[in-house]
Structures are given as C-alpha cells and as structure tokens.
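Have a look at the structure below, then the notes.
Reminder, nothing fancy here: chain letters follow the sequence lines and each chain counts from 1. Side-chain atoms are counted along with the backbone in the values below, which use heavy atoms only and exclude waters and symmetry mates.
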There are 2 protein chains.
Amino acid sequence: MKYGNRSIIRLSQYRNVLKRLYALGFLKVFSSNLSDAVGVTPAQVRKDFSQFGIAGNKKGGYDINDILKKMDGILGKDKVQKVIIAGMGNIGSALIHYKGFEKEGIEIVAGFDADPVKVKETGNVKIYHINKMYDFIRDNNIEVGIIAVPDNAAQAVFDIMVSAGIKGGLNFAPITLKMDQGCIMRNINVGVELETTIYFMNALKKQDELCS
Amino acid sequence: MKYGNRSIIRLSQYRNVLKRLYALGFLKVFSSNLSDAVGVTPAQVRKDFSQFGIAGNKKGGYDINDILKKMDGILGKDKVQKVIIAGMGNIGSALIHYKGFEKEGIEIVAGFDADPVKVKETGNVKIYHINKMYDFIRDNNIEVGIIAVPDNAAQAVFDIMVSAGIKGGLNFAPITLKMDQGCIMRNINVGVELETTIYFMNALKKQDELCS
DNA sequence: ATTATTTTGAGATATATTTCACAAAATAGC
DNA sequence: GCTATTTTGTGAAATATATCTCAAAATAAT
Ligand SMILES: NC(=O)c1ccc[n+]([C@@H]2O[C@H](COP(=O)([O-])OP(=O)(O)OC[C@H]3O[C@@H](n4cnc5c(N)ncnc54)[C@H](O)[C@@H]3O)[C@@H](O)[C@H]2O)c1
Ligand SMILES: NC(=O)c1ccc[n+]([C@@H]2O[C@H](COP(=O)([O-])OP(=O)(O)OC[C@H]3O[C@@H](n4cnc5c(N)ncnc54)[C@H](O)[C@@H]3O)[C@@H](O)[C@H]2O)c1
C-alpha cells in the first residue's frame with residue numbers, strides 16, 4: 001500500500017500529539033481533537049486514518065493505544081534508526097546536541113567534519129574527521145545521513161555518503177542534491193522558508209488593505 | 001494577484017540559483033537549466049514563470065537580470081526584513097550565527113531568552129532577556145519572529161510576539177501554534193521531516209525487494 | 001531568403017489532495 | 001426498549017498542482 005506524501009507528514013504529526021495525550025493519561029480521542037492539535041480539518045484526520053486502515057468507534061472515537069501501535073508499524077518504529085551528520089558547524093552541532101530525537105527512536109550516532117578543530121573522538125556522541133565517514137557508514141550499516149556542510153561541499157559529501165550505503169536523510173544546504181532513484185533526501189531550506197513566509201505576510205497585508 | 005504556495009517556494013529556489021548564475025557571469029538561462037538545478041520539470045518552470053508574468057524569449061531563453069528584478073518585486077525584496085529570535089539554545093544560536101541570511105535581505109536583529117546566562121547585551125547581534133521582547137518588537141516595528149524555545153513555552157512566547165506586532169515567521173517547536181487570521185507561521189519540524197524520510201526510504205526498499 | 005532547429009507559452013489533460021455531505025454505527029438518556 | 005445524539009467512514013465533488021502537447025516565435029544554418 002502506497003500512501004501520499006502529505007498523509008505521511010500528518011501521520012507523524014498525529015503520532016506526536018497522540019503520544020503526549022497518552023502520556024497525560026488519555027485513552028481515546030476524536031478526530032476533532034486531533035484536528036485542532038495538528039491544525040487540519042476533522043474530515044482530513046478521518047480520511048487519513050481510513051487510508052491508513054486505522055479504524056475508530058462511531059461515537060467513541062479512536063483508541064489511542066491502538067492507533068499508536070498501528071502508526072508505529074506504518075512508520076517503521078520497531079527498531080532504532082541510526083543517523084550520522086556531516087558538518088559540525090552551527091546546524092550540525094545544534095542537531096547533535098538535541099535530546100528530542102531519542103524518544104522518537106532516532107539516534108544520532110556520530111558527527112563528521114573536515115576541520116580538525118571540530119574533531120572530538122571522546123564523549124557521548126563522537127565527532128570524527130570526514131575522511132573516516134565512508135568506513136563508519138559501511139562498518140555500522142548506517143542508512144540515514146544529514147548534510148550540514150556549506151553548499152559548495154554538499155554534493156561531494158553526499159556522494160561519499162551514498163557510495164558508502166546511505167539511502168536517505170535531510171539536507172540543510174541550500175542546493176538541490178543530484179541523486180539516482182533509490183535514495184530519498186528531504187531539503188530543509190530555512191532561507192526559502194523565511195522568504196516564503198515573508199511573501200505570504202506581505203500578500204496578506206495587501207489584501208487587508210484592500211478590504212479596509 | 002495570488003500565487004500558489006508551491007509556486008512561491010519554487011520562486012525563492014529559482015531566485016537562489018539565478019543569483020549564483022548571475023554572479024558567475026551568466027546572462028541568460030533556459031527553463032531546462034533551471035529545472036535541473038531545482039529538481040523540477042522544465043514545463044513546471046515555464047508554467048511558474050508564466051504565472052508570475054515572467055516572460056522569456058523563444059529560442060533565447062530568459063534574461064537573468066530581468067527576471068531577478070521581477071522576482072525581487074514579487075518577493076518584496078526592496079527592503080531589508082528585520083527578524084528576531086526567541087530562544088537562544090541549540091537552534092536559536094545556530095540561526096543567529098548564520099551568515100547566509102544577510103545577502104537575502106534578511107537581518108536577524110536580536111535574540112531573546114529566559115535564561116540570564118544566555119543574555120549578552122554587547123556584541124554584534126544582542127541577546128536580551130525575554131521580558132524585553134515585547135518592547136523591542138514595538139519600538140523597532142519588527143514583523144517577523146522565529147520561535148526556538150522548548151515546545152511547552154512556544155505558545156506563550158508566540159502570543160507575546162503577536163500582541164507586540166509580529167505578523168509571521170518560523171516555528172521550530174514541534175507543536176502547532178494557535179493563531180488568528182492575519183498571522184502566518186511556518187513550522188519547521190526536523191523530527192517529522194526525518195520520520196517522513198525514513199518512512200519513504202523503507203517504502204522504497206520494500207518496493208525494490210518486490211521488483212527483484 | 002529559405003529552411004531547420006530550438007525553446008517558449010499556454011490550453012488541455014492528468015494527478016493529487018482536500019473538503020463536503022450524509023448514511024450508518026455506537027452510545028447515552030429516558 | 002425506544003429515541004435522540006454524537007461521531008465515524010467514505011463516496012462524490014471541489015480544489016490545487018503538475019504534466020503533456022504542440023503551435024508560434026526566435027534564432028541559426030545554408
Ligand atoms: N546555520 C543556519 O542557521 C543555517 C540556515 C540556513 C541554511 N544553513 C545551511 O546549512 C549548512 C550548514 O550551515 P552552518 O551554519 O552550520 O555552517 P557552518 O559553516 O557553521 O558549518 C559547516 C561545517 O562544515 C564543515 N565542513 C566544510 N566542508 C566540509 C567537508 N567537505 N566535509 C565535512 N565537513 C565540512 C566546516 O568545517 C564546518 O564545521 C550550510 O549549507 C548552510 O547554508 C544554515
Ligand atoms: N536542536 C534541534 O536540533 C531541534 C530539532 C528539532 C526540534 N527542535 C525544537 O526547537 C526548539 C528549540 O530547540 P533547542 O534544541 O534549541 O532547545 P534548547 O533547550 O537548546 O534551547 C531552548 C532555549 O529557550 C530558552 N527558553 C526556555 N523557555 C523560554 C521562554 N519562556 N522564553 C524565552 N526563552 C526560553 C532556554 O533558556 C533555552 O536557551 C525546541 O522546541 C525543540 O523541540 C530542536
């Protein structure tokens with residue numbers, strides 16, 4: 001079964017909310033509760049769930065524990081996913097120090113950098129020189145990589161990742177990586193996000209001016 | 001004129017590529033060049049451009065300088081956009097130290113944090129205590145804010161931002177902010193992005209197994 | 001000057017995504 | 001047990017987004 005892009009994004013969001021609800025002691029939830037929390041319509045929630053084969057109880061809503069299990073299955077949350085990061089600058093360090101991934105079953109296992117000053121092979125999560133990345137990926141069967149190097153280094157670093165066995169991950173560099181099928185990278189371009197937001201802010205302002 | 005969400009995102013991407021091309025001395029570009037660089041189809045580029053009222057020359061392609069001017073107009077790049085950040089932890093510091101926004105006409109003018117240790121009212125971009133944020137936004141007519149505080153503080157901090165005059169920005173906290181019309185926040189949820197990527201990686205793997 | 005080639009521009013078509021609308025099921029109240 | 005109420009589940013309709021196709025324009029070649 002193949003699900004839509006958007007549906008999977010929302011699935012992950014639903015799951016985050018549900019885990020919090022469950023931790024608070026809640027046992028069931030209505031589509032309208034979830035829709036409020038995630039910022040979509042109730043119909044969207046029900047449509048998504050129906051697509052995922054997640055069933056509720058008419059009048060009784062959905063059983064949180066039940067649907068969390070189903071979601072974990074769909075998202076492949078049965079095993080911890082090991083992730084590496086290339087580039088230990090601003091973004092790379094922020095990610096490697098973030099405590100929030102662990103409880104999502106995502107473990108950052110190592111960082112890599114070309115700058116010897118950044119290397120730190122002691123401590124909790126070790127930072128190695130970039131020329132050790134290929135072997136590390138191979139030896140530890142890493143499949144997920146994060147690109148946090150400057151744009152001009154991104155493609156080269158990514159190519160090494162792929163040749164070593166990386167199958168996907170995130171790219172923070174403001175370029176579009178070239179890759180073959182069989183590899184899935186998602187771009188996070190903060191600059192573009194900001195520009196886009198500012199555009200829609202301006203558009204909204206103009207619209208308001210027209211109405212008044 | 002109202003443009004689609006996706007088109008504006010791509011517009012910002014096209015613009016990034018075009019600025020690089022122009023810096024390299026290129027004067028014109030074909031839809032297929034741009035589509036390669038941004039990872040879309042040439043038809044998509046032309047459709048977007050036609051929607052934006054950006055015209056090219058049949059056989060000669062598009063004049064980079066020309067269309068950059070047009071894009072700047074659409075994206076409101078005539079003036080520098082001042083931005084503040086709430087939360088000077090991992091993500092907040094990464095953003096405030098990033099040098100790449102300036103050349104996009106985006107200026108991070110201040111950071112704010114509840115932790116007195118993080119406050120640093122000397123230096124290039126100053127970091128103030130969060131209780132100075134309201135006045136700062138008011139006094140400096142700031143309209144764009146970035147939320148980089150923990151999830152449980154995000155809504156409260158955002159409400160202060162809005163009451164002081166913020167009209168939009170980015171939210172890195174993994175929650176959906178409640179807001180009225182007239183305000184546009186874009187969520188950047190790294191955890192969700194990673195989960196989604198991993199899902200599609202697994203889906204791709206399963207598919208490959210079937211084919212082989 | 002004529003012909004061949006390239007590339008845009010846009011209507012038509014296809015696909016993806018969201019919302020609507022309401023019957024059917026489950027529960028609660030009396 | 002019967003009735004009223006709530007909420008799901010899902011086709012159908014609406015909207016949004018992307019691709020296809022090809023005539024027309026611009027240029028290059030001969
Ligand atoms: N920091 C931000 O807020 C921000 C915002 C938007 C986009 N980005 C993008 O994210 C990426 C990282 O940004 P940053 O601010 O962390 O940059 P940074 O300069 O702080 O860090 C980059 C790190 O990569 C290392 N590096 C350089 N070449 C390398 C190579 N070939 N192999 C391994 N490591 C190498 C550098 O030594 C450095 O430590 C950049 O592409 C940037 O454009 C960052
Ligand atoms: N760092 C990451 O890689 C990452 C990844 C995904 C999501 N996030 C999200 O981004 C946000 C920031 O993450 P982080 O890693 O930078 O966290 P962090 O804990 O490093 O930083 C948070 C900062 O906010 C400050 N703060 C707390 N309450 C505040 C308040 N009421 N007003 C002002 N400041 C306050 C803290 O003092 C701290 O400096 C969080 O919501 C987190 O879930 C971060």
Rounded distance (Å) that lies between atom [atom2] of [N] and atom [atom1] of [X]:
X	N	atom1	atom2	answer
B/D48	D/dT19	CG	C1'	12 Å
A/K28	D/dT6	NZ	P	14 Å
B/Y3	D/dT17	OH	P	15 Å
B/R10	D/dA16	CZ	C1'	11 Å
B/I9	D/dT17	CD1	C1'	12 Å
B/N5	D/dA16	CG	P	11 Å
A/F30	D/dG9	CZ	P	12 Å
B/D63	C/dT7	CG	C1'	16 Å

(request) Compare all side-chain heavy atoms of B/V80 with those of B/I106 and state whether any distance is below 4.5 angstrom. (result)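 Answer no - side chains too far apart.
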(message) Is there a salt bridge (charged side-chain N to carboxylate O under 4.0 Å, His left out) between A/K79 and A/E107? Walk through the geometry before answering.
(response) CA-CA 11 Å; A/K79 62 171 195 297; A/E107 187 191 359; over 6 Å; no
(request) Sorted by first residue and then second, give each salt bridge (charged side-chain N to carboxylate O under 4.0 Å, His left out) pair with at least one member in residues 68-78 of chain A; sequence neighbours left out. (result)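 Every salt bridge (charged side-chain N to carboxylate O under 4.0 Å, His left out) pair that includes a residue of residues 68-78 of chain A, provided the two are not neighbours, is A/R15-A/D72, A/K77-B/E195.
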(request) State which residues pass side chain to side chain contact (heavy atoms under 4.5 Å, CB included) with B/A43; sequence neighbours excluded, sorted by chain then number. (result)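 Per chain and number, B/A43 pairs via side chain to side chain contact (heavy atoms under 4.5 Å, CB included) with B/T41, B/R46.
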(request) Please determine which of B/D63, B/I64, B/L68 meets the side chain to side chain contact (heavy atoms under 4.5 Å, CB included) test together with B/D66. (result)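 Going through the options one by one, the only one that passes is B/D63.
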(request) Could you tell me whether the side chains of B/E193 and B/N189 share a donor-acceptor contact shorter than 3.5 Å? (result)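 On atom types as modelled, these side chains do not qualify, holding no pair under 3.5 Å.
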(request) Produce a footprint string for nucleotides 21-30 of chain D: one letter per nucleotide, 5' end first; B if the base is under 4.0 Å from any protein heavy atom, S if only the sugar-phosphate is, - if neither. (result) B--BBBB---
(message) Looking at A/K28, I'd like to know if its NZ atom is crowded, meaning that more than 12 non-hydrogen atoms belonging to other residues, nucleotides or ligands lie closer than 6.0 Å.
(response)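 No, the 6.0 Å shell around NZ holds no more than 12 heavy atoms from other groups.
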(request) For side chain to side chain contact (heavy atoms under 4.5 Å, CB included), just list the numbers for B/F158 and B/K178, CA-CA rounded to whole Å, side-chain angles, deciding distance to a tenth of an Å, and then say yes or no. (result) CA-CA 9 Å; B/F158 176 64; B/K178 298 291 166 283; over 6 Å; no
(request) Output yes when at least one side-chain N/O atom of B/S31 is less than 4.0 Å from OP1 or OP2 of C/dT8, else no. (result)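 For C/dT8, OP1 or OP2 has a side-chain N or O of B/S31 closer than 4.0 Å.
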(message) Below the 4.0 Å mark, does D/dT19 have OP1 or OP2 next to a side-chain nitrogen or oxygen of B/Q44?
(response)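 For D/dT19, OP1/OP2 do have a side-chain N/O of B/Q44 under 4.0 Å.
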(request) Name all pairs fulfilling the ring pair (Phe, Tyr, Trp, His ring centres under 6.0 Å) condition that reach into residues 11-34 of chain A, sequence neighbours left out, sorted by first residue then second. (result)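 The answer is A/Y14-A/F49.
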(request) Both distances under 3.5 Å, Watson-Crick or G-U wobble: on that basis, could you give the dot-bracket string for DNA chain C, with [ ] for crossing pairs and | for other-strand partners? (result) ||||||||||||||||||||||||||||||
(request) Drop me the distance from A/H97's NE2 to B/S93's OG, to the nearest 0.5 angstrom. (result)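 Answer rounded to 0.5 Å: 11.0 Å.
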(request) Please work out if B/Y62 contacts a base, only the sugar-phosphate, or nothing of the nucleic acid, heavy-atom cut-off 4.0 Å. (result)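 Touches sugar-phosphate only.
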Using nucleotides 11-13 of chain D, report all nitrogen or oxygen pairs with the protein that are shorter than 3.5 Å.
| from | atom 1 | to | atom 2 | distance (Å) |
| --- | --- | --- | --- | --- |
| D/dG11 | N7 | A/K47 | NZ | 3.2 |
| D/dG11 | O6 | A/K47 | NZ | 3.4 |

(request) Assign the ring pair B/Y3 / B/F52 to parallel, tilted or perpendicular, where the plane angle (0 to 90°) is split at 30° and 60°. (result)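 The rings of B/Y3 and B/F52 stand perpendicular, inter-plane angle above 60°.
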